[in-house]
J.: 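One structure follows; several queries about it will come next.
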Amino acid sequence: NKLKGTEVRKHYEIKETLGSGSFAVVKRAIRKSDKAEFAIKVIKKAKLNPEELAVVHDEVDIMHQIKHENCVHLYEMYESKKKVYMVLEILTGGELFDRVVAKGSYSEKQASDLIKSVANAIKYLHGIGIVHRDLKPENLIYASPMKDAPIKITDFGLAKYRPEEQKTMSTACGTPGYVAPEVLKNEPYGPAVDMWSL
């Protein structure tokens with residue numbers, strides 16, 4: 001359900017920048033109807049070639065299928081000639097990476113609870129034919145700063161939809177510290193690459 005880019009400001013008050021990358025900024029937003037808070041990822045299309053723009057549309061299509069408590073939720077998407085706006089659940093608890101550094105150490109109980117949440121989300125994703133392909137502590141973000149806040153898998157920019165009949169992939173992608181050996185060896189690979197990262 002793609003909505004016109006010009007409509008986004010009718011429904012949302014766009015606030016300060018929460019983060020930025022090479023072709024996107026993430027801003028805090030407030031829905032005018034009920035004052036609920038969201039994060040809006042604004043993607044500048046001019047900075048993307050046609051293949052990269054196709055990847056953005058793939059990410060949106062994939063995210064529209066995902067409904068899981070440990071995956072960031074995409075509510076809606078608006079598109080104008082120059083920009084794509086992705087209205088996402090706002091996550092305020094920071095990256096797992098930063099929390100690990102701040103805590104200094106995790107007990108085995110804390111680590112196992114965390115991994116159980118992420119493993120459940122991966123099981124769900126694989127069950128609906130989605131392989132994330134870039135799992136790492138920077139892409140795992142806590143919903144809030146609370147100690148018991150749920151962890152959420154984010155950044156589906158490298159995710160691939162793979163129905164049953166097309167099990168293998170071959171694109172070399174991911175992050176060196178977490179990527180499976182078969183990807184580095186340029187061998188065909190499947191959903192198990194997410195388990196390696198985990």
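The first residue in the sequence is number 1, and the count goes up from there.
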J.: Do Asp34 and Arg31 sit within salt-bridge range, that is, some charged N less than 4.0 Å from a carboxylate O?
T.: yes
J.: Going through the distances and angles, do Ile122 and Leu135 end up as a side-chain contact (heavy atoms from CB on, under 4.5 Å)?
T.: CA-CA 10 Å; Ile122 294 170; Leu135 286 169; 3.4 Å; yes
J.: For a quick check under 3.5 Å, do Arg9 and Tyr78 share a side-chain donor-acceptor pair by atom type?
T.: no
J.: Start with the C-alpha distance between Arg133 and Tyr189, add both sets of side-chain angles, then the distance that settles side-chain contact (heavy atoms from CB on, under 4.5 Å), and finish with yes or no.
T.: CA-CA 10 Å; Arg133 303 200 301 180; Tyr189 60 86; 2.9 Å; yes
J.: Is there a path of hydrophobic side-chain contacts, each under 4.5 Å between heavy atoms of I, L, V, M, F, W or Y residues, that connects Val84 with Val26?
T.: no
J.: Are Met195 and Leu198 packed together at the side-chain level, in the sense that at least one heavy-atom pair is separated by less than 4.5 angstrom?
T.: yes
J.: Among residues at least two apart in sequence or on other chains, which ones pass ring-ring contact (aromatic ring centres under 6.0 Å, His included) with Phe156?
T.: His132
J.: So, Lys185 and Glu182, do they make that salt bridge, N to O below 4.0 Å?
T.: no
J.: Which residue is it: Val118, Asn70, Ile141? I am looking for the one with a side chain to side chain contact (heavy atoms under 4.5 Å, CB included) to Ile153.
T.: Val118
J.: Say you draw a straight line from OH of Tyr12 to NZ of Lys32; how long is it, rounded to the nearest 0.5 Å?
T.: 11.5 Å
J.: For Glu16, does the CD atom sit with more than 12 other heavy atoms under 6.0 Å from it, leaving out its own atoms?
T.: yes
J.: What's the separation between atom CZ in Phe23 and atom NZ in Lys83, rounded to the nearest 0.5 Å?
T.: 14.5 Å
J.: Between His126 and Tyr124, does the ring centroid distance fall short of 6.0 Å?
T.: no
J.: Closest heavy-atom contact between Ile43 and Met86?
T.: CD1-SD, 3.8 Å
J.: Is there side-chain contact between Cys71 and Leu125, with heavy atoms separated by less than 4.5 Å?
T.: yes
J.: Looking at side-chain heavy atoms only, is the closest gap between Leu88 and Ile40 below 4.5 Å?
T.: no
J.: Please answer: with hydrophobic residues joined when any side-chain heavy atoms are less than 4.5 Å apart, are Leu184 and Trp196 in the same cluster?
T.: no
J.: Please determine if Arg28 forms a cation-pi arrangement with Phe38, meaning its NZ or CZ atom is less than 6.0 Å from the six-membered ring centre and no more than 45° off the ring axis.
T.: no
J.: Using ring-ring contact (aromatic ring centres under 6.0 Å, His included) as the criterion, list what pairs up with His11, not counting sequence neighbours.
T.: none
J.: Hydrophobic clusters here meaning ILVMFWY residues chained together by side-chain heavy-atom distances under 4.5 Å, can you tell me if Ile90 and Tyr142 are in one?
T.: no
J.: Please walk me through it: do Lys82 and Lys44 pass side-chain contact (heavy atoms from CB on, under 4.5 Å)?
T.: CA-CA 6 Å; Lys82 293 185 172 176; Lys44 294 179 187 126; over 6 Å; no
J.: Hey, is the main chain of Pro150 close enough, under 3.5 Å, to the side chain of Ser117 for a donor-acceptor pair?
T.: no
J.: Mind checking whether Val72 and Phe97 sit in one hydrophobic cluster, side chains of I, L, V, M, F, W, Y counted as touching below 4.5 Å?
T.: no
J.: Give me the atom names and distance for the closest heavy-atom approach of Glu89 to Ala39.
T.: O-CB, 4.1 Å
J.: Leu18 and Val25: same hydrophobic cluster, using ILVMFWY side-chain contacts below 4.5 Å?
T.: no
J.: Below 4.0 angstrom, N of the basic side chain to O of the carboxylate: do Lys45 and Glu79 qualify?
T.: yes
J.: Counting N and O atoms only, with roles assigned by atom type, does the side chain of Asn139 sit under 3.5 Å from a partner on the main chain of Asp134, one being a donor and the other an acceptor?
T.: yes
J.: Taking only distance into account, with no hydrogens and no angle test, what donor-acceptor pairs under 3.5 Å do side-chain atoms of residues 47-55 form with protein atoms, sequence neighbours excluded?
T.:
| residue | atom | partner | partner atom | Å |
| --- | --- | --- | --- | --- |
| Asn49 | OD1 | Glu51 | N | 3.0 |
| Asn49 | OD1 | Glu52 | N | 2.8 |
| Glu52 | OE1 | Asn49 | N | 2.8 |

J.: Is there a side-chain contact between Ile66 and Leu74, using heavy atoms and a 4.5 Å cut-off?
T.: no
J.: Both conditions, 6.0 Å and 45 degrees, for the charged tip of Lys103 above the ring of Tyr106: are they met here?
T.: yes
J.: Taking 4.0 angstrom as the limit, do Glu13 and Lys27 come out as a salt bridge?
T.: no
J.: Do the side chains of Lys41 and Met77 get nearer than 4.5 Å, heavy atoms only?
T.: no
J.: Please round to the nearest 0.5 Å and tell me the distance separating atom CG of Leu140 and atom OG of Ser197.
T.: 10.0 Å
J.: Between Glu7 and Tyr85, do the side chains contain an N or O donor and an N or O acceptor separated by less than 3.5 Å?
T.: no
J.: Using the side-chain hydrogen bond (donor to acceptor under 3.5 Å, both in side chains) rule, pick out the option among Lys116, Lys109, Gln110 that qualifies with Asp113.
T.: Lys109
J.: Roughly how far, to the nearest 0.5 Å, is NE2 of His73 from NZ of Lys67?
T.: 4.5 Å
J.: Are any non-hydrogen side-chain atoms of His68 and Lys123 less than 4.5 angstrom apart?
T.: no
J.: About how many Å separate CG of Asn120 and CD1 of Ile151, when rounded to the nearest 0.5 Å?
T.: 13.5 Å
J.: Within the distance-only criterion (no hydrogens, no angle test), does the side chain of Ser144 pair as donor or acceptor with the backbone N or O of Met146 below 3.5 angstrom?
T.: yes
